[in-house]
Chemist: 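Sending over a structure as structure tokens; questions will come in a sec.
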Amino acid sequence: MNAICRLMSVLLLLGCSDAAEQGSRMATLYQQDGVVVTLGPEPVLVEQVLQLQVQLPAGFELQQAQIVGLSMAMGQIPLRLQHHAGGYNAEFVLGACSDPAMQWQLQLQLVTPQGQLRRLDLPFYSRWGQ
């Protein structure tokens, strides 16, 4: 009986561990020329806190970031960016709508070391529940 309880405890802990690891994966939306944009945790769920990470090469700046709905008009969601060494982070929540697989677009405006503006439009999907 004691061995069965131990086995059940180990299986329960392993199950919890896998769920935690699965929820911490980040999706790479863009990776080119030293610019890396990730979003997560994956899957991207509505009404959950999500994190955007933008890594930039030296001399680049992220001037503006916002999210707009593509498959439905959901307005614009401006992102509050926090600067750190090598990039930026932002946390946000996507609202639920009637579309269970909503398409969004992350719009980033970068400034290159030469002062040129560079815009990235990165589509992604959100969904309901787990």
Chemist: Do Gln53 and Gln55 have side-chain atoms, one donor and one acceptor, less than 3.5 Å apart?
Modeler: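 No, because no side-chain N or O of Gln53 sits under 3.5 Å from a partner of the opposite role on Gln55.
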Chemist: Applying the side chain to side chain contact (heavy atoms under 4.5 Å, CB included) test to Gln66, which of Gln76, Gln109, Gln105 qualifies?
Modeler: Gln76
Chemist: Give, for atom CZ of Phe124 and atom CG of Leu122, the distance between the pair rounded to the nearest 0.5 Å.
Modeler: 9.0 Å
Chemist: Given the rule in the side chain to side chain contact (heavy atoms under 4.5 Å, CB included) test, do Val35 and Leu120 qualify, once you have shown the distances and angles that lead to the verdict?
Modeler: CA-CA 10 Å; Val35 177; Leu120 298 177; 4.2 Å; yes
Chemist: Can you check whether Pro41 reaches Arg25 side chain to side chain, under 4.5 Å on heavy atoms?
Modeler: no
Chemist: Are Leu106 and Val44 joined in one hydrophobic group, where the rule is that I, L, V, M, F, W and Y side chains link up if heavy atoms are under 4.5 Å apart?
Modeler: yes
Chemist: With ring-ring contact (aromatic ring centres under 6.0 Å, His included) as the rule and sequence neighbours excluded, what pairs involving residues 60-85 come up?
Modeler: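 Residue pairs with at least one partner in residues 60-85: His83-Tyr88.
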Chemist: Can any side-chain N or O of Trp128 pair as donor or acceptor with the backbone N or O of Cys97 at less than 3.5 Å?
Modeler: yes
Chemist: Please tell me if the side chains of Leu79 and Gln64 come closer than 4.5 Å, counting only heavy atoms from C-beta onward.
Modeler: no
Chemist: Please enumerate all residues that pass salt bridge (charged side-chain N to carboxylate O under 4.0 Å, His left out) together with Asp99, with sequence neighbours excluded.
Modeler: none
Chemist: For residues Trp104 and Pro123, determine if any side-chain heavy atom of one lies less than 4.5 Å from a side-chain heavy atom of the other.
Modeler: no
Chemist: Quick check: closest heavy atoms across Asp33 and Pro57, and the distance to 0.1 Å?
Modeler: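 That closest heavy-atom pairing would be O-CG, 3.7 Å.
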Chemist: State, yes or no, whether a side-chain contact exists between Met26 and Thr28 at a heavy-atom distance under 4.5 Å.
Modeler: no
Chemist: Should Asn89 and Leu52 count as side-chain neighbours, where that means a heavy-atom distance under 4.5 Å?
Modeler: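 They are not in side-chain contact.
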Chemist: Please tell me if the side chains of Val68 and Gln107 come closer than 4.5 Å, counting only heavy atoms from C-beta onward.
Modeler: yes
Chemist: Go through it in stages, so that I can follow the logic: the residues are Leu94 and Glu47, the test is side chain to side chain contact (heavy atoms under 4.5 Å, CB included), and I'd like the CA-CA distance, side-chain angles, deciding distance and then a yes or no.
Modeler: CA-CA 6 Å; Leu94 295 173; Glu47 299 183 350; over 6 Å; no
Chemist: Quick check: is Leu70 connected to Leu45 through a chain of hydrophobic side chains (ILVMFWY, heavy atoms under 4.5 Å apart)?
Modeler: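 No, no single cluster joins them.
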Chemist: Kindly write out the residues that satisfy salt bridge (charged side-chain N to carboxylate O under 4.0 Å, His left out) with Arg80, not counting sequence neighbours, or none if the list is empty.
Modeler: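 Applying salt bridge (charged side-chain N to carboxylate O under 4.0 Å, His left out) to Arg80 gives none.
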Chemist: For a side chain to side chain contact (heavy atoms under 4.5 Å, CB included) check, start with the C-alpha distance between Leu29 and Thr38, then their side-chain angles and the critical distance, and finish with the verdict.
Modeler: CA-CA 6 Å; Leu29 300 181; Thr38 58; over 6 Å; no
Chemist: Set out, in order, the CA-CA distance, both residues' side-chain angles and the distance that settles side chain to side chain contact (heavy atoms under 4.5 Å, CB included) for Val54 and Val36, then state yes or no.
Modeler: CA-CA 6 Å; Val54 181; Val36 180; over 6 Å; no
Chemist: Using modelled atom types and a 3.5 Å cut-off, is there a donor and acceptor pairing between side-chain atoms of Ser71 and backbone atoms of Gln103?
Modeler: yes
Chemist: Are Met72 and Ile77 grouped together when hydrophobic residues (ILVMFWY) are joined by side-chain heavy atoms under 4.5 angstrom apart?
Modeler: yes
Chemist: If every non-hydrogen atom of Ala58 is compared with every non-hydrogen atom of Pro113, which pair is closest and at what distance?
Modeler: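 Looking at all heavy atoms of both residues, the closest pair is O-CG, 3.8 Å.
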Chemist: Taking the side chain as every heavy atom from C-beta outward, state whether Leu108 and Val37 have any pair of such atoms under 4.5 Å apart.
Modeler: yes
Chemist: Between Glu91 and Gln51, do the side chains contain an N or O donor and an N or O acceptor separated by less than 3.5 Å?
Modeler: no
Chemist: Check whether any side-chain heavy atom of Leu50 lies under 4.5 Å from a side-chain heavy atom of Glu42, and answer yes or no.
Modeler: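 No. Closest side-chain heavy atoms not under 4.5 Å.
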